[in-house]
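These notes concern the structure reproduced below.
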There are 2 protein chains.
Amino acid sequence: MINKDPIYQQLNNELRELLSGDQFKVGDKFLTERTICDRYDVSRTTANKALSNLVSEGLLKFKKGVGTFIQEKPEIGKLHSITSFTENTKRAGMDPTSEVLRFERIKASDVDVIANEKLQIDNSEDLFRIERLRKANGSPMILEDRFIVAKYCPGLFEHSLKGSLYAIFEETYGLNITSTDETIQAVILDDYQADLLGVESGMAGFLVSAVGYIDDETPLWWETTLHKPDGFEFRCKVKPKQNQQKLEGRVLFDNPNHK
Amino acid sequence: MINKDPIYQQLNNELRELLSGDQFKVGDKFLTERTICDRYDVSRTTANKALSNLVSEGLLKFKKGVGTFIQEKPEIGKLHSITSFTENTKRAGMDPTSEVLRFERIKASDVDVIANEKLQIDNSEDLFRIERLRKANGSPMILEDRFIVAKYCPGLFEHSLKGSLYAIFEETYGLNITSTDETIQAVILDDYQADLLGVESGMAGFLVSAVGYIDDETPLWWETTLHKPDGFEFRCKVKPKQNQQKLEGRVLFDNPNHK
DNA sequence: AATTGTAACGTGGCTTATCCACCATACAGT
DNA sequence: ACTGTATGGTGGATAAGCCACGTTACAATT
């Protein structure tokens, strides 16, 4: 199938993917305009245009007479503001595991009205419900609960859910995940939650609720993730003059900062 | 003084400012390449390059044969992920006020070591400390505490602090504010905080700590803002394929969502 | 008067060519 | 070993030309 996007936008995407791979790291010199001309068979003007787009996104920095340098690695495919639990835990030298507390097919009429609102469905729809407790070295860190519109992925029960749920959506069902919309709240854990996360009742943790969309506006899933108190924080860097924000939520393992 | 940035980057900035003003709204048709050529005396290639940068930032959308349309208004000058309390409160039809609890000049040796770490100063430095309680219609919503490195704005005591502190930094002292770096935590309010915010002890609220920088890497201020429980939330929209995130923290006045 | 078709114009897309200024490197001369 | 200069590689900017797409205006037909 012929891609109808302009060539420079296709080039943008290819360059972002190249950037996000293992071949380059921050500080490295990236491809030059002329190298891109040769490799992708485009004009210098088109190559420069694509590169300058990545410069304005804050990923690259032009140095005239020297080259193009990597300022920041893009995180293509990163669906949430929260860094992947699995990769973050491994990076901390710990073993990430998941305990599936619940995996069932239910009717929309059986769940909270808020889930149906978020998913824009009526009571007759079927949903999958998946509840998991995420652990690092056996210690509970995150309690997550997810409702997925069953009609978009009918055979989901046949999957083990060991790997990435999103990879299953995209690769097995061909779903085009386009965005997520998260709400972040500070809440007090109730007894059930505190018990599962192995903390005392009454502590404060982050509750992140999110809708995931396919094809721009169609809700596919609704999830809530509750983080262990003192086990999580958000960092946000804002550059007002470049209209740039970068938010990162990450699990904390040794509680370096106490208030 | 001559601006040494490339012409297309200066043009980027001017177009972002034009976009963020009152002249255009989302959905409107923006300037064409050829209009920009005429108005700013640049080549078509340079005009197209600048526009395509704003397209890749998600602000504009090109439609070949039709024109260039506004997809999103930039928020230039917005220093934090949090929407301005003053404008948010007014937008909700309420009256925003501030009670200054403390405004004093102190030695760095007299404050928590963490403030000195964040500000990268030693104990002999002078700081201004400003503590305020922000209210909507008289009801406390935010408790904020700020330390400012005195040497960059020596006469700060002479200002009323009724207006924007950041406007004073930039207009009166000529400081070049370049970024902020925030940490967001979920905390339990202590008795002092709960009392000031008019809630019971033991409730969960957001604690946002931030360093503000001038000239890229020099810390100017360190602040902590504690939000009234149930009186605040963050929303974040993520588009993984375009490497885009949009975070907005906002004060809630009528607690529409309860967990 | 309504409909249809076509030409013209305005829009962004892309290429080629040229020349520029900046920076790093290599080499020659001292 | 140091300095100066030439060269090559880098991004910056412009001009010109042509393309495809979409809209609009106008003429022809019914």
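Below, chains carry the letters A, B, ... as their sequence lines are ordered, and counting in each starts from 1.
Nucleotides of DNA chain D lying under 4.0 Å from heavy atoms of chain A occupy a range whose first and last members, 5' to 3', are D:dG9 to D:dA13.
By the ring-ring contact (aromatic ring centres under 6.0 Å, His included) test, B:Tyr40 is found to be paired with no residue, residues two or more places apart in sequence or in another chain being considered. Annotation: ring-ring contact (aromatic ring centres under 6.0 Å, His included) contacts of B:Phe62 (sequence neighbours excluded): none. Scanning for salt bridge (charged side-chain N to carboxylate O under 4.0 Å, His left out) contacts around B:Arg34 gives an empty result, with sequence neighbours left out. Listed by chain and residue number, B:Trp221 satisfy the ring-ring contact (aromatic ring centres under 6.0 Å, His included) test with B:Phe169 (two or more places apart in sequence, or in another chain). Not counting sequence neighbours, A:Tyr8 has no partner by the ring-ring contact (aromatic ring centres under 6.0 Å, His included) test.
Between the CD atom in B:Glu144 and the CZ atom in B:Phe85 there is a gap of 9.0 Å [rounded to 0.5 Å]. Taken to the nearest 0.5 Å, the CG atom of A:Asp28 stands 5.0 Å off from the CD1 atom of A:Ile70. Atom CZ in A:Phe147 sits 14.0 Å away from atom CG in A:Leu220 (nearest 0.5 Å).
Residue A:Thr46 places none of its side-chain N or O atoms closer than 4.0 Å to OP1 or OP2 of C:dG13.
The stretch residues 56-72 of chain B touches DNA chain C through B:Phe62, B:Lys64, B:Gly65, B:Val66, B:Gly67, B:Thr68, each having a heavy atom within less than 4.0 Å of the strand. At a non-hydrogen distance threshold of 4.0 Å, B:Thr32, B:Glu33, B:Arg34 from residues 29-43 of chain B come into contact with DNA chain C.
The salt bridge (Lys or Arg N to Asp or Glu O under 4.0 Å) analysis of residues 51-73 of chain B, with sequence neighbours excluded, yields the pairs B:Arg16-B:Glu57. Sorted by first then second residue, the salt bridge (Lys or Arg N to Asp or Glu O under 4.0 Å) pairs that include residues 39-56 of chain B, not counting sequence neighbours, are B:Glu33-B:Arg44.
Closest of all the heavy-atom pairs between B:Phe206 and B:Glu233 is CE1-CA, 4.0 Å. Among all heavy-atom pairs drawn from A:Ala115 and A:Trp222, the shortest one is CB-CD1, 3.7 Å.
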* Asked: In dot-bracket, 5' to 3', how would DNA chain D read with Watson-Crick or G-U wobble pairs under 3.5 Å, [ ] for crossing ones and | for pairs to another strand?
  -> ||||||||||||||||||||||||||||||
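The ring of B:Phe24 has its center closer than 6.0 angstrom to the ring center of B:Phe30.
Heavy atoms of A:Leu51 sit nowhere under 4.0 angstrom from any nucleic acid atom.
Checking A:Asn12 against B:Ser56 by side-chain atom types alone, no donor-acceptor pair falls below 3.5 Å. Counting only N and O atoms by type, the side chains of A:Asn116 and A:Asp122 include no donor and acceptor under 3.5 Å apart.
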Can you check nucleotides 4-8 of chain C for protein contacts, nitrogen or oxygen pairs under 3.5 Å, and list what you find?
none

